[in-house]
2 protein chains.
Amino acid sequence: MSDGTLTHTQRALLELRQKILNGSIPGGTRLYEVALAEDLQISRTPVRAALSQLAEEALLERGKGGGFVVRSFALADVVDTIDLRGVLEGTAARYAAERGVSAEGLAGAEKALLEIDRLLQRETVDMDAYSALNTQFHAVLADLSGSITLKREIERITALPFASPSAFLEDHNRLDALARTLGAAQAQHRAIIEAIAGRESGRAEALAREHARAARRNVEFLLSQETVLREGLSSLALLTG
Amino acid sequence: MSDGTLTHTQRALLELRQKILNGSIPGGTRLYEVALAEDLQISRTPVRAALSQLAEEALLERGKGGGFVVRSFALADVVDTIDLRGVLEGTAARYAAERGVSAEGLAGAEKALLEIDRLLQRETVDMDAYSALNTQFHAVLADLSGSITLKREIERITALPFASPSAFLEDHNRLDALARTLGAAQAQHRAIIEAIAGRESGRAEALAREHARAARRNVEFLLSQETVLREGLSSLALLTG
DNA sequence: TCCGCCGTAAATGTATACATCACGTGCAAA
DNA sequence: TTTGCACGTGATGTATACATTTACGGCGGA
């Protein structure tokens, strides 16, 4: 199993997660073990295992008398969740500033910033690479907080596709606007780290909150476009309503 | 099953949760399905089901190659988690103030406050009843936020025994100090609702944060006592270190 | 001595048969 | 017509046998 093979549970987990995230299985749908087992050509046992893991990821919720239901996310939930990420990352930044960070921690953050800089200097930005670096920077920020509980909750929120710090980036169709967005985001990144290094806790918290707010504006802009243009928004495929 | 009977899964869930919370199974312990199944006199299937639910509750974490490990909570984690509850409840209070609450919502909060008042007027306070009402008030507050995501995260954090709004109340040994604590808490409750009703979002957020801070002080006080006096702290039984 | 291979044991992964529960449906009686 | 019960269907709950994986230790050879 250390080779390319996956366990049936893992395969079921991947397939079901994919189907939920891309909207193939809409919110509110009740998932039946037998049907899924037949569909995936496996027995009920690994299906159950996969379902319970998806419940841990907050993509499913347990129904009344057993069973699982796909969670519904309305537009308001998306906005609230992004704001919640801002609150949590703001708290992480504040903790980092208040409690102080190690030289290595700060160096890790600076390194991430420099790598993003290097990427943004290019003519055309490799969005996959940017997403990875951006996600990494946010992970470092959560680490700098020094709070395991907080880091875990940030990871949890961030696992939702529309609340990820790198959500919606590939959905941009106007490249000039995207370039400006990325440049502004990077400026905020740098300011947050600067505030942390300078022990300016209030500024660090406010900046991190505002940084998430930019992501929120991005969503609201994308959703304000014509219906046709919204079709391909991969991060929002699981929305209901 | 709607009668007094529980499924084996439910029984296993209750017993395991209890053992983790009271420290019978210390943090870091790996749980083996076969051993637990023999211990509980059931098969592995319901044991697995119970374990995955405990993982959802954040009491267990999944090990590397499958399997579950009891989560370890250090003192610093407890304090951080209580503060995080303050941050989240503060956000809930701020949202409620910013967005406004319905008349019914406000009435529900006032009703909870009055019931707590009535309880506190008595000579000796029924702590179980107080805990229930206090928990209910905090649930109402989370509701007033109008954010499903936020409410869910508050519920999640609050499910940890040491981060519950009613944690440590029964652990108090000095009754006069306890009475003062409860009175002060109720004053904060009232101020929070007053701020929400008056749309004072900044005040509402700060008050809710400070309200959790009082819980944090309470923990720190209890833990500063002699070792002998700390033995019975039921909410802290699962601490490691 | 050290490295690597193989075998064994103990763990999780999986399939399947059966038990039990929940809910709807239809019939019968008031 | 309405109410309530009985029953069937389809779902989850449970036990168990077997498969597969992994970790570890001993043994052999370099």
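Predicted model, so just to flag it, every value in this text is computed and none were measured.
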Open item on the list: Over all strands shown, is Arg30(A) touching base, sugar-phosphate only, or nothing at heavy-atom distances under 4.0 angstrom?
Closed with: sugar-phosphate
Open item on the list: Please classify the nucleic acid contact of Leu31(B) as base, sugar-phosphate, or nothing, using heavy-atom distances under 4.0 Å.
Closed with: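 Touches sugar-phosphate only.
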If you check every side-chain atom of [X], which of [options] has the closest atom?
X	options	answer
Val34(B)	dT14(C), dT12(C), dT14(D)	dT12(C)
Arg44(B)	dT16(C), dA11(C), dC18(D)	dC18(D)
Glu33(B)	dA15(D), dT12(C), dT12(D)	dT12(C)

Length of the [atom1]-[atom2] vector between [X] and [N], whole Å:
X	N	atom1	atom2	answer
Lys64(A)	dG24(C)	NZ	C1'	13 Å
Gln10(A)	dT12(C)	CD	C1'	12 Å
Arg62(A)	dT12(D)	CZ	P	12 Å
Glu38(B)	dT16(D)	CD	P	12 Å
Tyr32(B)	dA9(C)	OH	P	18 Å
Leu36(A)	dA15(C)	CG	P	14 Å
Ile42(B)	dT16(D)	CD1	P	12 Å
Arg48(A)	dT14(D)	CZ	P	8 Å

Side-chain H-bond candidate by donor/acceptor type, [X] with [Y], under 3.5 Å:
X	Y	result
Thr149(B)	Asp80(A)	no
Thr135(B)	Ser166(B)	yes
Glu89(B)	His138(B)	yes

Open item on the list: My understanding is that only one of Leu14(B), Leu238(B), Asp39(B), Thr29(B) makes a side-chain contact (heavy atoms from CB on, under 4.5 Å) with Lys19(B); could you say which?
Closed with: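 The side-chain contact (heavy atoms from CB on, under 4.5 Å) with Lys19(B) is passed solely by Asp39(B) among Leu14(B), Leu238(B), Asp39(B), Thr29(B).
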TODO: Give a yes or no on whether the backbone of Thr7(B) and the side-chain of Gln10(B) come within a donor-acceptor separation of less than 3.5 Å.
DONE: yes
Task: 5'-most by nearest nucleotide on DNA chain C - Phe68(B) or Thr45(B) - done: Phe68(B)
- [ ] Look at the side-chain N and O atoms of Thr9(A) and state whether any lies under 4.0 Å from the OP1 or OP2 oxygen of dT14(C).
- [x]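 Looking at the OP1 and OP2 atoms of dT14(C), one of them is under 4.0 Å from a side-chain N or O of Thr9(A).
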Open item on the list: Any side-chain N or O of His8(B) below 4.0 angstrom from OP1/OP2 of dA15(D)?
Closed with: yes
